[in-house]
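Numbers for residues simply follow the sequence, beginning at 1.
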Amino acid sequence: IPPNWQSISSSGINAEYGELEKIPSPYVLLTSMSDLSCGFARNLLAVSADAKENCIIVTQRTKPDTLASKLLSNSINNTIDITIGKRVPLEGKELEEYLASAAKKQQETGRMEVEEEGEETDEEQEDDQALVQRHDVPIPEETHHKKSFFKQHKVYPMFPFHEEKMKWDEYGEFIKHEHFRIEEEPIKEEEMETEKPKPIPVAPATPAEIPTKCVTSRIKTQVNCKVKFIDFEGRSDGESIKRILAAVLKPRQMVIVHGTPDSSRHLAEFCRDNKDMGVSHIFVPGIGETVDATSERHIYQVKLKDALVTAAKFSRANDAELAWIDAVIDVQLNADKEEVAMLEPMVNKPGHIPVFINEPRLSNLRQTLIKSGIQAEFNGGVLVCNNKIAIRRNASGTIQIEGSVCDDYYKIRSLLYGMYAII
């Protein structure tokens, strides 16, 4: 706000908008509830929309069928209906019914408090009676009417002890004000004579709270002011969402929610037509519709024959050992006559292309080459080895080796293959 402007908040403006008339024009008024569903902004619209020099700026998208959405959809010089709520005091029969219900509620509250006090008094009396009837002095044997054959336990005199029960409610233990009272120092006689009595401040009398009710009225307002929409929400628009999905995220499955049916359907069609994204499933659920988006597949438990495990050649990749097997599934019955799937080795094994599992970094490969006595340096993103061999990573992420066929070439290739799990 410029320093020569006067700022005013809605908390300082009364319901009759009298404070606005005192402020010189022009001025900017900031109000809450951008959809104009309630509050000060809705009441202000009813008295300011008919002036051509006024301007209403909406800073975020509004929900459909709200006053703000109707205001944005209408053109200038249109009429809109506004429902205004106002608090009015109760009168006549309504006031009598309210006072009767309030008095009945107050009587019920007082009755419950009396009952609680009575229960507490009964508990205190029971505790006092128990304390009086408890004897800490052993009773002489002559007073017993019947002696027992078994040995009796002797009771010795003790100091009486009374345990006070703590009382609490839903807010905790009751506070005793005497525990927190600070004793004031006695005032000397000389000070008492010199001090003059101070007047006791009297609080201004407040009128009794008058019960009110909300009365709504529907008025028609001519919209002559300018209506502008400036997006201050910080959300991504449609083109930005499409670029992020296609270039950055590349999801395999999508669930599109929190949008209008037309916009959600348009985004789903865009993702289906974009072959580079490779989205397998796209869900556009409606209101109250559930979606099963689990990514689990059917998993079956099989047993491997010993001959198949013995013939498999395992390669280590990080913390796992992998192997390629060619087998067929044979269903057999076990001792409990249950079907068990068994993997048996194939007789005629077809050949397969070797699979390289792992993604080594060029920086890790450089350290491995240096430890093996090979000079390796980076030059423009390319790892140059002994000024003869060049190792680079192409756009698809595959590592390529280029250079003349020599002993260094085969040695470097062997070290690179050692960083993969080849099956």
Side-chain angles (χ1 to χ4, degrees), residues 236 239-254 270-282 293-300 302 304 308-328 343 345-346 348-423:
S236 299
E239 295 298 328
S240 301
I241 292 176
K242 292 177 182 178
R243 286 196 297 268
I244 293 172
L245 289 174
V248 181
L249 298 180
K250 295 182 180 180
R252 297 181 180 179
Q253 296 184 359
M254 289 181 60
F270 167 78
C271 296
R272 291 192 186 99
D273 298 339
N274 194 336
K275 303 300 180 182
D276 296 336
M277 293 179 60
V279 183
S280 58
H281 296 86
I282 300 177
T294 56
S295 59
E296 297 179 357
R297 296 294 183 263
H298 296 289
I299 300 174
Y300 301 95
V302 296
L304 278 67
L308 185 63
V309 177
T310 305
K313 296 180 180 179
F314 290 90
S315 299
R316 190 171 187 83
N318 295 331
D319 297 334
E321 292 185 359
L322 308 175
W324 183 288
I325 59 174
D326 296 310
V328 294
L343 281 181
M346 296 180 63
N348 298 323
K349 297 181 180 180
H352 69 278
I353 300 175
V355 179
F356 291 76
I357 301 175
N358 203 356
E359 293 183 0
R361 297 182 178 179
L362 294 180
S363 58
N364 297 338
L365 177 60
R366 175 176 175 272
Q367 295 178 1
T368 303
L369 295 174
I370 292 175
K371 291 179 181 179
S372 300
I374 299 175
Q375 183 181 0
E377 298 293 340
F378 281 105
N379 185 6
V382 180
L383 185 60
V384 181
C385 306
N386 288 343
N387 295 325
K388 298 179 182 179
I389 310 299
I391 304 175
R392 62 167 53 89
R393 190 185 296 273
N394 58 16
S396 62
T398 306
I399 295 179
Q400 296 178 344
I401 303 178
E402 299 176 357
S404 58
V405 179
C406 57
D407 294 339
D408 292 340
Y409 177 86
Y410 291 107
K411 184 177 181 181
I412 293 171
R413 189 184 68 172
S414 177
L415 293 173
L416 178 61
Y417 284 176
M419 303 182 70
Y420 286 94
I422 305 174
I423 59 174

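- Applying the side chain to side chain donor-acceptor pair (under 3.5 Å) test to Asp326 and every residue at least two apart in sequence or in another chain returns Trp324.
- How far CG of Leu322 is from CD1 of Ile357: 4.5 Å, rounded to the nearest 0.5 Å.
- Expressed to the nearest 0.5 Å, how far CG of Leu415 lies from CZ of Arg413 amounts to 11.5 Å.
- Across Ile325 and Ala312, no two heavy atoms sit closer than the pair CG2-CB, 4.1 Å.
- Atom CD of residue Glu377 and atom CD1 of residue Ile370 lie 6.5 Å apart, to the nearest 0.5 angstrom.
- Applying the ring-ring contact (aromatic ring centres under 6.0 Å, His included) test to every pair with at least one member in residues 397-423, sequence neighbours left out, gives these pairs: Phe356-Tyr417, Phe356-Tyr420.
- What you find for Asn358 and Met419 is that their closest heavy atoms are ND2-O, 2.9 Å.
- Residues satisfying the salt bridge (Lys or Arg N to Asp or Glu O under 4.0 Å) criterion with Arg361, sequence neighbours excluded, are absent altogether.
- Residues forming a side chain to side chain contact (heavy atoms under 4.5 Å, CB included) with Asp276 (at least two apart in sequence, or on another chain): Asn274.
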Pair up each side-chain donor or acceptor in residues 378-388 with any protein partner under 3.5 Å, not counting sequence neighbours, and list the distances.
unit_1 : atom_1 : unit_2 : atom_2 : d
Asn386 : OD1    : Gln375 : N      : 3.0
Asn386 : ND2    : Asp408 : OD2    : 3.4

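- Looking at residues two or more places apart in sequence or on another chain, you find no side chain to side chain donor-acceptor pair (under 3.5 Å) involving Arg393.
- Here the straight-line distance linking atom CD1 of Ile412 with atom OG1 of Thr368 works out to 12.0 Å at 0.5 Å rounding.
- Arg272 CZ: more than 12 foreign heavy atoms inside a 6.0 Å radius.
- Among all heavy-atom pairs drawn from Lys411 and Ile374, the shortest one is CD-CD1, 4.0 Å.
- In this structure, Ala376 and Arg366 approach most closely via the heavy-atom pair O-NE, 3.1 Å.
- Taking both residues in full, the closest heavy atoms of Met254 and Cys271 are given as SD-SG, 3.5 Å, listed atom of the first, atom of the second, then distance.
- Ile282 CD1 to Gln253 CD: the interatomic distance, rounded to the nearest 0.5 Å, is 10.5 Å.
- Looking at heavy atoms from C-beta onward, Ile423 lies in side-chain contact with Ser315 at the 4.5 angstrom threshold.
- Counting non-hydrogen atoms of other residues, nucleotides and ligands closer than 6.0 Å to CG of Asp407 gives a total of 12 or fewer.
- Considering CD1 of Ile389 and CD of Glu402, their distance stands at 10.0 Å, rounded to 0.5 Å.
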